[in-house]
Every structure is written in structure tokens, then in C-alpha cells.
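Data first, discussion second: the structure below is written as C-alpha cells.
Atoms within a ligand are numbered from 1 in the order they appear, just like the ligands themselves.
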Amino acid sequence: MIPSSLLTALRSARRLVVFTGAGVSAESGIPTFRDALTGLWQRFDPAALATPEAFRRDPALVWGWYEWRRMKVLQAQPNPAHHAIAELARHVAEFTLITQNVDDLHERAGSDAVIHLHGSLQQPRCFACARSSTTPLAVPNEPEDGRRVEPPRCTHCGGRLRPGVVWFGESLPATALNAAFDAARQCDLLISVGTSGVVYPAAEVPHLAWTSGAVVVHINPQAAARQAEREFVLRGPAGEELPELLRQAFGRALGARG
Ligand code: OAD
């Protein structure tokens, strides 16, 4: 049941922010990090795979693991949640999409100008000189996780390329973070989708919107109960809740055009 006060707030919002985490891509078959049993950090040690020290120690192990993840994304398709978010953008004056995800499923669903707080699997850079690689990555051909793959070399300095993602202990890209914080401060309504909200500073985003006076909606099958005024919880999978929100607020079914 979607509260009518939420539908009214969404219809009248001029500035809408959608903030996504791994849960938005779960129904595309991309594992989250912290879900019991299936979460990546239940099966893999982040200290061995997602830190600069890990890459220094064993670059082929780290590169191979990210190639496995990149291949899973290449094989996946955007789900109804990604499509509903792209459609929501057409119903408001100003729309900002902020994601913690390193996949490109939002873009493939038609969203543009996505703010990627944690980088992208598709944009490696040099571990030595930090230049972004301009050579497109090949389609990975080894599907197994745990396979070591020697990273390609930087065409400028010969250093090893590293995945273009934010690792533990690293700063977030300042431009992306500032844009996300600005959008959160200025929005009327923020929809937070599929995030455990435990990784900072990204997790500040919904909080910042709420303390700045926005309505905040959480979409997550595991969401805690509503805790504050101007806060709503839609407890269910994003691929069902978001299309339903779109339909009830704007009378639009996914795929309808015109
Ligand atoms: P988490 O794995 O921490 O949380 C995923 C959330 O998605 C959980 O709260 C799930 O309940 C929820 N979820 C699962 N299936 C869902 C579905 N079908 N619809 C909606 N929600 C669903 O992932 P994040 O919060 O994104 O950082 O994790 C934040 C950061 O921690 C990631 O960006 C990554 C990780 O370490 C970096 O890589 C820097």
C-alpha cells in the first residue's frame, strides 16, 4: 500500500533525487555486498580484494576478481527498477540520480548524467600515474571467480591498470560527492533504493536531504520501520515497488510512451 500523502508529495516534487545501492541491481542478478548468504562480503574478504594494499600485494588476484564482476554486469540486463527510475526523470522539473553502484545498468536503462560515487567497473586508471585508460577493456573471457588475471599496462607509463572503483580507505571523487550533497540539500523528495546505508560518506546523502526538509522514501525488502516525520518505507523489491510508485503517482505503466 503506497500512502496517498507520499503520492501527493511525489506529484508535487520539483526537485527529485534518487539514490541507489546494490539492491537496485539485485533483480538483474548482480549480487549485493551485505545480504545474508548471497552478499559479496559474505563470501569474499574486502581487505584482500578492495584496498590499495591488496592490489599492491597481488594485482592479478584483485584484477581477476573485478573482471569477474565486470563480466557479470556485461551479462546482466537492467531490471524494472532501473527502467522506472529513468521514467521518473520525465515527470519532474529537476532530477538527479546518484548511485553507489559501479555497474552501468542505470545508463543502459536510459538514465543520463548519473553521479557515480564509487566509480565504475568500465573506467580503469593507472595505479602508478593515475591517468585514466583510454583503451576500451576487452570482454572478459574467464567466467570463474577467484581466477587471477594480470592487469593490462598503462599506455603512458607502463604501470599496472587498476579498476576505476573506490576502494576501502580511499576518498570518493570530490566532484561527484559535492554534486550529490548539493542535490540532496536542494531536493523536495529523495528516494533511497536498495542500500544498507552503512558506508560513509555516501550514506550521508539521504540524511542530508531529510535534515534539509525533504521527504525521504526508503525502498528495500529489509527496510526498518518508518522512524521520522517526512519519512516513508516501501518494504519490497525495487523491481516491484518502483514501477508501482510510478504507476500510482503518474498513471504510467513501464514501457508506455507518448
Ligand atoms: P549492501 O549490500 O550493503 O546493501 C544492499 C541493500 O539492498 C540491503 O539493504 C538489501 O536489503 C537491499 N536489497 C536486496 N535486494 C533488494 C531488492 N530486490 N530491492 C531493493 N533492495 C534490495 O549494498 P550497498 O548499500 O550498495 O562500496 O553498499 C554500499 C557500498 O558498500 C557499496 O557501494 C560498496 C560496498 O562496499 C564500494 O565498493 C566502495
Side-chain angles (χ1 to χ4, degrees), residues 2 18-55 62 65-66 68-70 72-73 76-85 97-106 109 114-125 162-174 176-177 180 190-207 216-225 227 232-246:
I2 300 180
V18 174
F19 172 67
T20 64
V24 79
S25 297
E27 289 155 85
S28 295
I30 307 295
T32 65
F33 294 94
R34 295 177 183 80
D35 274 277
L37 305 179
T38 56
L40 288 175
W41 297 152
Q42 309 293 326
R43 299 161 53 209
F44 300 101
D45 175 9
L49 294 164
T51 63
E53 295 73 32
F55 189 78
V62 172
W65 189 69
Y66 279 93
W68 167 70
R69 286 182 56 198
R70 195 167 68 84
K72 284 190 86 65
V73 170
Q77 296 301 326
N79 69 58
H82 298 105
H83 289 295
I85 291 167
L97 175 53
I98 305 165
T99 189
Q100 299 166 86
N101 297 345
V102 294
D103 65 45
D104 61 352
L105 295 177
H106 283 306
V114 185
I115 298 175
H116 280 270
L117 290 179
H118 291 163
S120 161
L121 286 172
Q122 293 292 345
Q123 282 160 15
R125 63 177 182 276
R162 56 158 284 176
V165 303
V166 175
W167 281 330
F168 289 97
E170 294 186 319
S171 301
L172 274 61
L177 189 61
L190 179 141
I191 307 176
S192 171
V193 187
T195 177
S196 56
V198 297
V199 174
Y200 285 82
E204 279 293 330
V205 169
H207 184 66
V216 173
V217 189
H218 302 276
I219 299 182
N220 192 320
Q222 309 291 333
Q227 289 173 345
F232 293 89
V233 170
L234 301 179
R235 195 174 292 111
E240 293 172 21
E241 298 293 336
L242 273 164
E244 190 56 21
L245 186 62
L246 181 70

Nearest protein heavy-atom contact for atom 5 (C) of ligand 1: which residue, which atom, what distance?
-> Gly194 O, 3.7 Å
Using ring-ring contact (aromatic ring centres under 6.0 Å, His included) as the criterion, list what pairs up with Phe33, not counting sequence neighbours.
-> Trp41
Do any nitrogen or oxygen atoms of His118 lie less than 3.5 angstrom from nitrogen or oxygen atoms of ligand 1?
-> yes
To which of Pro221, Ser28, Ala50, Ala202 does the heavy atom nearest atom 22 (C) of ligand 1 belong?
-> Pro221
Quick one: look up the protein heavy atom nearest atom 25 (O) of ligand 1 and list residue, atom name and how far away it is.
-> Thr195 OG1, 2.7 Å
Between Pro243 and Ala84, the two heavy atoms sitting closest are N-CB, 3.9 Å
For residues 20-30, which side-chain N or O atoms pair as donor and acceptor with protein atoms under 3.5 Å away, sequence neighbours left out?
from  : atom 1 : to     : atom 2 : distance (Å)
Thr20 : OG1    : Thr99  : OG1    : 2.7
Thr20 : OG1    : His106 : NE2    : 2.9
Ser25 : OG     : His82  : NE2    : 3.2
Ser25 : OG     : Asp103 : OD2    : 2.8
Glu27 : OE1    : Gly239 : N      : 3.3
Glu27 : OE2    : Ala238 : N      : 3.3
Glu27 : OE2    : Gly239 : N      : 3.0
Ser28 : OG     : Gln77  : O      : 2.7
Ser28 : OG     : Asn79  : N      : 3.4
Ser28 : OG     : Asn79  : ND2    : 3.1

Going by heavy atoms, is Gly39 under 4.0 Å from ligand 1?
-> no
What is the nearest protein non-hydrogen atom to atom 29 (C) of ligand 1, stated with its residue, atom name and distance?
-> Gln100 OE1, 3.4 Å
Which of the atoms of ligand 1 are close to Gly21, meaning less than 4.0 Å from one of its heavy atoms?
-> 26 (O)
Taking every heavy atom of Arg235 against every heavy atom of Pro221, the minimum-distance pair comes out as CG-O, 3.2 Å
Counting only N and O atoms by type, is there a donor-acceptor contact under 3.5 Å from the side chain of Gln42 to the main-chain atoms of Gly39?
-> no
From Glu204 CD over to Leu177 CG, what is the distance, rounded to the nearest 0.5 angstrom?
-> 9.5 Å
Shortest protein contact, atom 1 (P) of ligand 1 (heavy atom only) = Ser196 OG, 3.6 Å
Only heavy atoms count here, so choose which of Phe33, Tyr200, Trp167 is nearest to atom 34 (C) of ligand 1.
-> Phe33
Report the part of Val199 (side chain from C-beta onward, or backbone N, CA, C, O) that has a heavy atom under 4.0 Å from ligand 1; answer both or neither where that applies.
-> side chain
Of all the heavy atoms in Val165, does at least one lie under 4.0 Å from an atom in ligand 1?
-> no
Under 4.0 Å from any heavy atom of Gln222, which atoms of ligand 1 are there?
-> 11 (O)
Shortest non-hydrogen separation from Val216 to His218 and the atoms involved = CG1-NE2, 3.7 Å
For ligand 1, which part of Ala26 has a heavy atom less than 4.0 Å away: the side chain, the backbone, both, or neither?
-> side chain
From the candidates Asn79, Val166, Asp35, Val102, the one that places a heavy atom nearest atom 38 (O) of ligand 1 = Val166
Arg69 vs Leu40 side-chain heavy atoms within contact, under 4.5 Å | yes
Under 3.5 Å: donor-acceptor pair, side chain of His116, backbone of Asn101 | yes
Look at atom 13 (N) of ligand 1 and say which protein heavy atom is nearest, naming residue and atom and giving the distance to 0.1 Å.
-> Gly23 CA, 3.7 Å
Number the atoms of ligand 1 from 1 as they appear, then name those within less than 4.0 Å of a heavy atom of Glu27, with their elements.
-> 17 (C), 18 (N), 19 (N)
Any idea which atoms of ligand 1 are less than 4.0 Å away from a heavy-atom of Phe168?
-> 36 (O)
So the atoms of ligand 1 within less than 4.0 Å of a heavy atom of Arg34 turn out to be 1 (P), 2 (O), 3 (O), 28 (O), 29 (C), 30 (C), 31 (O), 35 (C), 36 (O)
Please report which non-hydrogen protein atom sits nearest to atom 36 (O) of ligand 1, along with the residue it belongs to and the distance in Å to one decimal place.
-> Trp41 NE1, 3.0 Å
Is the closest N or O pair between Ala22 and ligand 1 shorter than 3.5 Å?
-> yes
Test of proximity, Ala238 against ligand 1: N or O pairs below 3.5 Å = yes
Identify the two heavy atoms, one from Trp167 and one from Pro52, that lie closest to each other, and give their separation to 0.1 Å.
-> CE3-N, 3.6 Å
Starting from atom 9 (O) of ligand 1, find the nearest protein heavy-atom neighbour and note its residue, name and distance.
-> Asn220 ND2, 2.9 Å
Are Asp35 and Thr38 linked by a side-chain donor-acceptor pair shorter than 3.5 Å?
-> no
Do you know the tightest heavy-atom contact between Ala76 and Leu105?
-> O-CD2, 4.2 Å
Where Val233 and Ala224 come nearest, the two heavy atoms and their spacing = CG2-O, 3.3 Å
